[in-house]
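The structure's right below; bear with me while I get my questions together.
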Amino acid sequence: MDESPDKPFDFTAEFVRHHRSLWLVAMSIVENSADADDVLQEGAIVGIRKLQSFRPGTSFRAWMGEIVRNVALNRRRSVRREVHRFGYLDAQHVETPWRPPTNSPLAADGSLVALQESLDDRMLKALMELEPTARACMLLRCIEGLESAEIAVLLDIPKGTAMSHVFRCRRVLADRLSAPADESPSRSESF
């Protein structure tokens with residue numbers, strides 16, 4: 001972020017600049033594109049309300065990432081309480097189709113566009129079986145190209161944990177995707 005004394009902080013520009021990373025964090029937690037969109041909107045409102053707590057010169061993406069992560073975790077807890085209380089999900093949470101963020105290398109079915117012939121919705125299914133933090137690390141590394149240190153700051157985890165998640169996720173995904181489509185791969189490692 002280029003912050004000069006005579007140039008006021010532009011929340012909107014920074015939010016738009018980091019939108020895709022923030023969306024991936026939200027999506028990895030709520031596992032639903034409609035909810036991820038809602039989380040980002042709610043996160044933006046919270047961010048604007050708490051803007052006085054942002055320290056210029058620090059990482060906006062990390063600060064906003066913490067807000068988005070908290071909003072997403074609250075949303076996920078709310079959905080789980082609803083399921084527990086009523087025994088079902090409302091129509092909003094049932095089979096909501098996943099949409100990739102703008103300029104994403106992922107197609108609407110979750111497959112990687114450039115590798116469509118070799119990777120399909122099995123990739124999305126395998127990704128969604130990962131634990132949310134591990135999935136976020138993997139997506140931020142592979143889609144956004146963030147380094148482990150950047151992922152660690154964004155997700156508020158140690159750098160070594162981010163590195164470990166990416167390493168293990170790659171191995172788990174390779175195992176799951178190398179199994180024949182009609183076989184269910186062993187779940188010896190789960191995240």
Going by heavy atoms in the side chains, are Leu130 and Arg176 under 4.5 Å from each other? yes
Please report the interatomic distance CG(Leu173) to CD(Glu129), rounded to the nearest 0.5 Å. 9.0 Å
When rounded to the nearest 0.5 Å, the distance separating CZ of Arg141 from CE of Met163 is 10.0 Å
Same apolar cluster (I L V M F W Y, side chains within < 4.5 Å links), Leu139/Leu73: yes
Sidechain N-carboxylate O distance under 4.0 Å for Arg61, Glu150: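 Looking at Arg61 and Glu150, the cut-off is met.
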So, are Glu147 and Lys159 salt-bridged, with charged N and O less than 4.0 Å apart? no
Do you know the tightest heavy-atom contact between Ile29 and Pro132? CA-CB, 4.1 Å
Sort out for me which residue in Thr161, Leu155, Leu146 forms a side chain to side chain contact (heavy atoms under 4.5 Å, CB included) with Cys137. Leu155
Identify whether Ile45 and Leu40 are in the same connected component of the hydrophobic contact network (ILVMFWY, side-chain heavy atoms under 4.5 Å). no
Distance from Arg17 atom CZ to Leu22 atom CG, nearest 0.5 Å? 11.5 Å
Same cluster or not: are Val71 and Ile48 linked, directly or through other Ile, Leu, Val, Met, Phe, Trp or Tyr residues, by side-chain heavy atoms under 4.5 angstrom apart?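 They do share one cluster, since a chain of ILVMFWY contacts under 4.5 Å joins Val71 to Ile48.
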Take a 6.0 Å sphere around CZ of Arg77 and say whether it holds more than 12 heavy atoms from other residues, nucleotides or ligands. yes
Ile67 and Gly47 have their tightest heavy-atom pair at CD1-CA, 3.8 Å
Give me the atom names and distance for the closest heavy-atom approach of Ser148 to Ala162.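 That would be O-CB, 3.8 Å.
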So how far is it from Leu154 CG to Arg69 CZ, rounded to the nearest 0.5 Å?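 So the gap between those two atoms works out to 7.0 Å.
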Go through the steps to decide whether Glu42 and Arg75 satisfy the test salt bridge (charged side-chain N to carboxylate O under 4.0 Å, His left out), and finish with yes or no. CA-CA 10 Å; Glu42 187 176 338; Arg75 164 104 23 165; 3.7 Å; yes
Ring centres of Phe60 and Phe11 under 6.0 Å apart? yes
Cluster question for you: counting only ILVMFWY and a side-chain heavy-atom cut-off of under 4.5 Å, with indirect links fine, are Ile143 and Ile157 together?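 In one cluster with Ile143: Ile157, yes.
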Between Trp63 and Leu51, which heavy-atom pair has the shortest distance, and what is it? CH2-CA, 4.1 Å
Taking side chain as C-beta onward, heavy atoms only, is Met64 less than 4.5 Å from His18?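 A side-chain contact under 4.5 Å is absent here.
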Which atoms form the tightest heavy-atom contact between Pro158 and Ala152, and what is the distance? C-CB, 3.8 Å
Under the side-chain contact (heavy atoms from CB on, under 4.5 Å) rule, what do Val39 and Trp23 come out as? Steps first, then yes or no, please. CA-CA 8 Å; Val39 164; Trp23 190 90; over 6 Å; no
Examine Val153 and Met138 and state if one hydrophobic cluster contains both, with Ile, Leu, Val, Met, Phe, Trp and Tyr joined whenever side-chain heavy atoms are less than 4.5 Å apart. no
Nearest 0.5 Å please: distance from the NZ atom of Lys50 over to the CD atom of Glu66. 8.5 Å
Evaluate the ring planes of Phe54 and Phe9, with Trp represented by its six-membered ring, and classify them as parallel (under 30°), tilted (30 to 60°) or perpendicular (over 60°).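 Plane angle between 30° and 60°, so tilted.
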For the side chain of Arg135 and the backbone of Met128, is there at least one donor-acceptor N/O pair under 3.5 Å apart? yes
Check: Glu144 and Leu24 side chains under 4.5 Å, non-hydrogen atoms: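 The answer is yes; the side chains approach within 4.5 Å.
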